[in-house]
2 protein chains.
Amino acid sequence: MNVQRGGSDGTVGKALEVLDRVAALGRPVRFSEVMDQSPYPKATTYRLLQTLTNQGMLRLDPDSGTYAPGMRLVRMAHAAWAQSSLAPIAQPYLDELSEAVGETVHLAQLDGAQVLYVDKRNATTRVPMYSDAGKVGPAYCTGVGKAMLAFLPEAELAPVLAQQSWHRFTPNTITTPEAMRAELAEIRAAGHAYDREEHEPGIRCIAMPVLSAKGRVQGAVSVTTNGPGPLDDYLPALRAAVTKISGDLRDWRFPDKGEE
Amino acid sequence: MNVQRGGSDGTVGKALEVLDRVAALGRPVRFSEVMDQSPYPKATTYRLLQTLTNQGMLRLDPDSGTYAPGMRLVRMAHAAWAQSSLAPIAQPYLDELSEAVGETVHLAQLDGAQVLYVDKRNATTRVPMYSDAGKVGPAYCTGVGKAMLAFLPEAELAPVLAQQSWHRFTPNTITTPEAMRAELAEIRAAGHAYDREEHEPGIRCIAMPVLSAKGRVQGAVSVTTNGPGPLDDYLPALRAAVTKISGDLRDWRFPDKGEE
DNA sequence: AACCCGGTTTCACTATTTGGGACACCAGAT
DNA sequence: ATCTGGTGTCCCAAATAGTGAAACCGGGTT
């Protein structure tokens, strides 16, 4: 099957599963809330939480009795981001692109069935940093998501499509695998994808996949706007950026989806 | 003792220990290199690596046979950063400060005996994002480090000082606990710290601690420059930023060092 | 052919993890 | 004061998962 973090790797797997669920809740949670999410019995979950806490992976606020992901994760993640993401390579080209188009620019990678944003440049002046690195989003209704799906080999595409929620965010959201396959064919033909207000009303974007020399999808770059102008105006700059990134990819070997 | 991620929390502890060491190496490493770092026997380390890999915490490049921290960390860290760091609160004030002084601005927190940078604003135009979030540095020879140490209660300061390397990075580096205590007293009196080219030649900075209502150190903000101007010029803006951050801290309860 | 080296696997032994259930605590209801 | 339901913590015999010395497997070298 697919990368699904199934919970079957012994104690470590369980611990990470619990950690993930706590992180997913997105706010400090009490033990009982963790229990509701946890597939493991009370005593087990409790011990797991304890272990994670004194490992610094979780932080327990003694007053409120709530758990939140700890700073040790941030330390470790820096290494991951620097070594395993496209971000360090793409950095200068995203800067260029951002300057050229003046709109918000995203760099994303596929993480299982979701889109994981790894870098971002803000539209114009103020830069709320990091805000997007590490964030995840749906693959079926974002520009970067569709751009990547379009160039995925069938064997990998099928399971990913099977896992989408197909929630209708806006009237334009594509909500069936069949419609999606048609859309992906078009994207493949054109070489780039559009998000025509499919995720958020008023937000449109144009995205292109970053492919390795062997044609494997490594990520995608997008230009997002809430203005009225034609998206195709951004195409040249976008294409230039993606081309340069792909070029620099040369000697980088990147994850195979972990597919076994 | 202190927070030291000792390796004594069962399997999970061992796994995280290994993961940390891989991350610390800062580049993809082969199994044998991990072995050199690992306190555990070959077979154990091997199995740990396997587990971590198919949990997505590590990424194994099949061609080169090297391990690197995986993207799952980035996902989880986003939650940690958003919930457990000062960054979300400080965001707008760092923007202001950055604009006001036009120099590089850092936000850091104490993580054990080290300084952990959680956010950054670049000097002028181009913004190499994230580059610093998650990075660690020495506490005894950075502005933010000294600013935080100065306001640490003795019980917490002692073990931290005991763990510093006291490596002499530049002629100005303070290299003894005694000298450091004198320096910290001055900082405490002044309310802010200077880094007078103690870490890197040509780089100076001024830093102030962020204190909670109860006077606990929560982090520090610094303005760094490689120019010649007097650092004190930045004091007003820096003080303003720190004051506002402290103000917003109000209802936030933050980690106790975990000290037990 | 004998040897070394990094990586992988085996398997009997053992330490850790498991989880049902007991317990302690608190707040509100009776 | 006493009961009661919700939470968080702890125990301990049984079950499981982890351990690690040693063997094994190519593929280079000598």
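To find a chain, count down the sequence lines: A is the first, B the second, and so on, and within it residues start at 1.
For the residue pair B:Tyr140 / B:Ser165, a side-chain donor-acceptor distance below 3.5 Å is found, with atom types taken as modelled. A donor-acceptor pair shorter than 3.5 Å cannot be found between the side chains of B:Thr173 and B:Thr175.
For B:Asp9 and D:dG18, the CG to P distance is 15 Å, given to the nearest whole Å. Taking atom OH of A:Tyr40 as the reference point, atom C1' of C:dT16 lies 17 Å away to the nearest angstrom. For the pair A:Asp36 CG and D:dT7 C1', the interatomic distance rounds to 12 Å; values are reported in whole Å. At whole-Å resolution of the value, CG in A:Leu48 and P in C:dT18 are 6 Å apart. Summarising the geometry, the separation between CG on B:Leu49 and P on D:dG20 is reported as 16 Å, rounded to the nearest angstrom.
For A:Thr11, no side-chain nitrogen or oxygen approaches OP1 or OP2 of C:dT16 to under 4.0 Å. Residue A:Lys14 places none of its side-chain N or O atoms closer than 4.0 Å to OP1 or OP2 of C:dT17. In terms of phosphate contacts, B:Thr44 brings no side-chain nitrogen or oxygen within less than 4.0 Å of OP1 or OP2 of D:dG18.
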Stepwise side chain to side chain contact (heavy atoms under 4.5 Å, CB included) check, B:Glu17 with B:Tyr40: CA-CA 10 Å; B:Glu17 161 107 20; B:Tyr40 311 109; 4.0 Å; yes
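Taking the six-membered ring wherever Trp is involved, the centroid distance between the rings of A:Tyr46 and A:Phe31 falls below 6.0 Å.
A donor-acceptor pair under 3.5 Å links the side-chain atoms of A:Glu33 to the main chain of A:Arg30, judged by distance alone. In this structure, the side chain of B:Thr51 engages the main chain of B:Arg47 through a donor-acceptor pair within 3.5 Å.
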Nucleotides 6-14 of chain C: protein proximity per nucleotide (B base, S sugar-phosphate only, - neither; heavy atom, under 4.0 Å): SBBB-----
